[in-house]
Amino acid sequence: MTVKTKMEETITSAESVLANLKTFALETQNPEAKQMFKSLAKSQQGITDTLNSRLEFIKNEEPQFRGQ
């Protein structure tokens with residue numbers, strides 16, 4: 001398995017966590033829990049964005065991934 005493939009799988013997992021946190025924030029009625037889930041989702045969005053940036057770097061730097 002290539003680094004690119006591992007990164008893509010990690011990003012998919014990170015996006016799934018993000019979606020779950022956003023869903024929890026929408027579904028909960030408890031204001032404190034709602035705020036906690038929103039805060040966690042914001043942090044997770046940053047993680048997901050960072051991973052996506054790294055994947056783009058890998059694609060641009062590694063000749064075997066250019067054009068994919």
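Note that this is a predicted model, so its numbers are computed, not measured.
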Novice: Between T5 and T2, does any side-chain donor sit less than 3.5 Å from a side-chain acceptor?
Specialist: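 Yes, a side-chain donor-acceptor pair sits under 3.5 Å.
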
Novice: Go through the steps to decide whether K59 and E56 satisfy the test salt bridge (charged side-chain N to carboxylate O under 4.0 Å, His left out), and finish with yes or no.
Specialist: CA-CA 5 Å; K59 287 179 179 179; E56 288 305 311; 3.8 Å; yes

Novice: Measure across K34 and L26 and return the closest heavy-atom pair with its distance rounded to 0.1 Å.
Specialist: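 Closest pair (atom of K34, atom of L26, distance): NZ-O, 3.7 Å.
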
Novice: CD/Q44 to OG/S39 distance, rounded to the nearest 0.5 angstrom?
Specialist: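 Going from CD on Q44 over to OG on S39, the span is 11.5 Å.
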
Novice: Working to the nearest 0.5 angstrom, can you tell me the gap between F57 CZ and N52 CG?
Specialist: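 The CG atom of N52 is 15.0 Å from CZ of F57, to the nearest 0.5 Å.
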
Novice: Show the nearest heavy-atom pair for residues L21 and F37, with the distance to one decimal.
Specialist: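 So the two residues come closest at O-CB, 3.7 Å.
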
Novice: For residues K22 and A41, report the shortest heavy-atom separation together with the two atoms involved.
Specialist: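 Scanning both residues completely, I find the closest heavy atoms to be CG-CB, 4.1 Å.
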
Novice: Test D49 against Q45 for side chain to side chain donor-acceptor pair (under 3.5 Å), laying out the working first.
Specialist: CA-CA 6 Å; D49 292 345; Q45 182 66 63; 2.8 Å; yes

Novice: For the CG atom of L55 and the CG atom of N60, what is their distance to the nearest 0.5 Å?
Specialist: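 Output value for this atom pair is 9.5 Å.
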
Novice: Any chance you could lay out the side-chain contact (heavy atoms from CB on, under 4.5 Å) test for M7 and T12, step after step, and finish with the verdict?
Specialist: CA-CA 9 Å; M7 284 295 295; T12 299; over 6 Å; no

Novice: Verify the cluster assignment for I47 and V3: are they in a single hydrophobic cluster under the rule of side-chain heavy atoms below 4.5 Å apart?
Specialist: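 Yes.
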
Novice: To the nearest 0.5 angstrom, please state how far the CG atom of N20 sits from the CD atom of E27.
Specialist: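 Those atoms lie 9.5 Å apart.
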
Novice: Answer with yes or no whether the hydrophobic clustering places I11 together with I58; edges join I, L, V, M, F, W, Y residues whose side-chain heavy atoms lie under 4.5 Å apart.
Specialist: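 As far as the 4.5 Å side-chain criterion goes, I58 and I11 are connected within one cluster.
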
Novice: Same cluster or not: are V17 and L51 linked, directly or through other Ile, Leu, Val, Met, Phe, Trp or Tyr residues, by side-chain heavy atoms under 4.5 angstrom apart?
Specialist: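 Different clusters: V17 never reaches L51 through Ile, Leu, Val, Met, Phe, Trp or Tyr contacts under 4.5 Å.
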
